[in-house]
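Each remark here refers to the structure printed beneath this line.
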Amino acid sequence: MDNSDVVRILDQTADLLEILDEDVFKVRSYRRAAESVRGLAQDLSSIREGEGLQSIPGIGKSLAGKIAELLDTGRMGYHEELKAQVPEGLPTMLRVPGMGPKKVALVWKERGIRDVDELEAAAQAGELRDLKGMGAKTEEKILKGIGLYRQGAERALLGDVLPVAERIVEELRRLPETIEVAYAGSTRRMKETVGDLDVLATSQAPEVVMEAFRALPDIREIILAGDTKTSALLDIGRQVDLRVVLPESFGAALQYFTGSQAHNIALRERARKMGLTVNEYAVSKLTESGEEGERVAGATEEEVYAALGLPLIPPELREDHGEIRAAEAGELPALLELADIRCDLQMHSEWSDGSHPIAQMAEACMALGYEYMAISDHSQSLQVARGLQPGRLAAQRVEIDELNATLADTGSSFRVLASCEVDILSDGSLDYTAEQLAGLDIVLASLHQGFTDDRARMTNRALKAITSGRIDVLCHPTGRLLLAREGYPIDIEAIIEAAAEHDVALEVNAFPERLDLCDTHVRLAIERGVKISINTDAHRAEHLGFMRYGVATARRGWATRDDVINTWPRETLMDWVRSRRERFG
DNA sequence: GCCGTTTTCGGCCCGACTGTTTTCAGTCG
């Protein structure tokens, strides 16, 4: 029973409560609690032993008891009780776009429909059109929704969506009728995966912008089209919503559509207490009768937050994870910037499984404005990736030395560090000898095998590597692949504690499929005093551009420049490696 | 079910769009 199991039960309970038409605020409480737990880096059981479950925002006495029951017994009586009241497949119908709790309850009670298959059959047979509030068009819409549901994939990688978002923004900006254009939503918050893409534009002629939008090459099909909002399906299979507002509302709309929903709700509750009301057009005073009164802000986001007595909160932090309280107290972190990055420390060359020679990777790094980089090809055991035998490792060192000599001759201060991504073997030992590792400028280590080990064994292997004193950075610590594979079972808190104690940096792997550590783990690591290293793991020169995803993930984990070793000048990094090897080697 | 610089009770964010309606409910974000 880990955190994600608890999240699932809480969410399911909320679904059931909605179908059973229970109090909407009770539903909201379960949703909020689920969201809160989802954002936790620590295990619930460890929080329970420490601060107590009620220290988690949105969890009060009742839910703390129910979660404790879940942790102890693997079941929640209340959840079981609700589940027994509806057929098994009913909640799944909520996953069909266009089907909400009311319609699910309606088709169940009036037509005895218990799952998506039966819903489809009934819609095809025209058996739903006589129900209250439904018609032939509703049936059509439901069938279309089932089609989308069957296509699966509820979210896409940020790395797949962001380039499309930038292209759409670019195209709309070219129109003379648009004033401002921006993407918003989870894409702007740089969440690791994205559901729908939100795009916002300001214009005095919304209809022209809408029309141009509908004709964009990335768009496959229009889903709905109103005066200020158009929804469409992108070629990449995601929905995109365009909203057009007047320029004086740009800030309010951008704030609103950037979300997250939880952040917005918290902000609006705050506004209420200040006698203000916020919508996507403006911040306004609340009149005595509770109406929207005099407008006080809306043109820029800064203005909107200022009206609520807050500094601008960076989009990456807007998850209702304490950022409003921090902003109020003037304690928002000065987040790391992409421009702070001086080097990339994990990349592969054609010596192992990379596609490009070292010199080409160096050229690309220089073009990005970096001051140095590290080549970190795979070690000998990883034969599928052409891992380097000790002899080839030594030969590669010669090539790196020669390249650095050439750079020096041409007056360049750019340098290439010799590194490796050494495998942590199944017994926790390292794939090169101590002497071989000591000859490298910096040592990265990864788990690439034995993923079927249990949690204790995986954790112990990683701990053995961390405490060996011979590695400087632990790479992609959980091994997850987004939308494809969960991380291997590992006690991340124990890893973080050990990394803090032995001054080993933990990597944020910037590859869009990884982003590992994730945002919440970054935050926990930083709180415990662990250094972070952000690297692209590039296997081609073009991959070096993934750095922005790693930086965004670190920002979502509240990282400042000082937390990240890639912001250091080369001498500082080398001093750190020397010093930590003296202390722990 | 949660929560508290008006409250331990009585609040709890806000609007666009659709389809089915004669003024609104449901869904979505």
Side-chain angles (χ1 to χ4, degrees), chain A residues 10 13-14 17-19 21-36 53-54 56-67 78 93-107 128-142 144-145 184-187 189 194-200 206 210 222-231 239-245 249 252-253 255-284 286 290 292 308-309 320 328:
Chain A
L10 289 172
T13 306
L17 287 169
E18 274 198 296
I19 292 171
D21 201 25
E22 293 273 344
D23 178 39
V24 293
F25 297 110
K26 190 167 170 177
V27 174
R28 200 173 113 181
S29 297
Y30 277 86
R31 296 249 185 258
R32 169 133 204 263
E35 198 48 53
S36 224
L53 293 173
Q54 286 191 64
I56 302 165
I59 292 179
K61 198 173 168 191
S62 168
L63 273 170
K66 291 191 170 90
I67 292 171
Y78 185 55
M93 271 197 268
L94 290 171
R95 306 279 90 82
V96 175
M99 286 298 288
K102 294 292 191 295
K103 286 207 179 96
V104 168
L106 184 70
V107 300
L128 301 178
R129 59 187 62 181
D130 300 332
L131 292 173
K132 192 168 183 289
M134 293 207 183
K137 280 200 175 174
T138 318
E139 284 175 344
E140 235 174 79
K141 218 172 136 179
I142 287 173
K144 209 163 185 180
S186 47
T187 310
R189 300 201 311 281
V194 175
D196 297 339
L197 171 61
D198 294 288
V199 179
L200 175 68
M210 292 289 182
I222 303 302
I223 297 170
L224 63 84
D227 294 337
T228 66
K229 174 179 172 178
T230 294
S231 294
Q239 184 174 323
V240 54
D241 295 334
L242 173 70
R243 291 288 298 257
V244 185
V245 299
S249 293
Q255 194 290 314
Y256 179 69
F257 292 114
T258 297
S260 64
Q261 197 157 10
H263 174 85
N264 284 0
I265 288 174
L267 217 55
R268 283 161 183 230
E269 282 170 353
R270 176 185 174 85
R272 282 270 164 183
K273 285 176 193 145
M274 297 171 69
L276 299 168
T277 179
V278 185
N279 59 27
E280 60 257 59
Y281 304 109
V283 181
S284 309
L286 215 49
E292 188 174 332
L308 301 173
D320 193 23
E328 187 172 36

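Each chain gets a letter, A, B and so on, in the order its sequence line appears, and its residues count up from 1. Computed from a predicted structure; not experimentally measured.
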Legend entry - Heavy-atom pair of closest approach, residues A:A33 and A:G58: CB-O, 3.9 Å

Inset, instruction - From the options B:dA16, B:dG26, B:dC13, select the nucleotide whose nearest atom is closest to the side chain of A:Y281. - result: B:dA16

Inset, instruction - Just compare B:dT27, B:dC12, B:dT20 and give me whichever is closest to any side-chain atom of A:T138. - result: B:dT20

Legend entry - Integer angstrom distance from the P of B:dG10 to that of B:dA16: 33 Å

Legend entry - Electrostatic pair A:E269:A:R28 at N-O distance under 4.0 angstrom: yes

Inset, instruction - State whether A:N279 places a side-chain N or O below 4.0 Å from either non-bridging phosphate oxygen (OP1 or OP2) of B:dG15. - result: yes

Inset, instruction - Under a 3.5 Å limit for both distances, which nucleotide forms a Watson-Crick or G-U wobble pair with B:dC28, could you say? - result: B:dG15

Inset, instruction - Would you indicate what A:A266 reaches in the nucleic acid, counting non-hydrogen atoms under 4.0 angstrom: base, sugar-phosphate, or nothing? - result: nothing

Inset, instruction - Ignoring hydrogens and angles, tell me if any N or O in the side chain of A:E139 forms a donor-acceptor pair with the backbone of A:L128 under 3.5 Å. - result: yes

Legend entry - Inter-nucleotide C1' distance (B:dG26, B:dT20), Å rounded: 11 Å

Inset, instruction - From the options B:dA16, B:dC13, B:dG29, select the nucleotide whose nearest atom is closest to the side chain of A:E280. - result: B:dA16

Inset, instruction - With the side chain of A:I265 defined as its heavy atoms from C-beta on, choose the nearest nucleotide among B:dG29, B:dG1, B:dC13. - result: B:dC13

Inset, instruction - May I ask you to verify if any side-chain N or O of A:K66 is less than 4.0 angstrom from the OP1 or OP2 atom of B:dG1? - result: yes

Legend entry - Phosphate OP1/OP2 of B:dC13 contacted by A:R28 side-chain N/O (<4.0 Å): yes

Legend entry - Options B:dG1, B:dG19, B:dC17, nucleotide nearest the side-chain atoms of A:K141: B:dG19

Inset, instruction - Using a 4.0 Å heavy-atom cut-off across all strands, classify A:Y30 as base, sugar-phosphate, or nothing. - result: sugar-phosphate

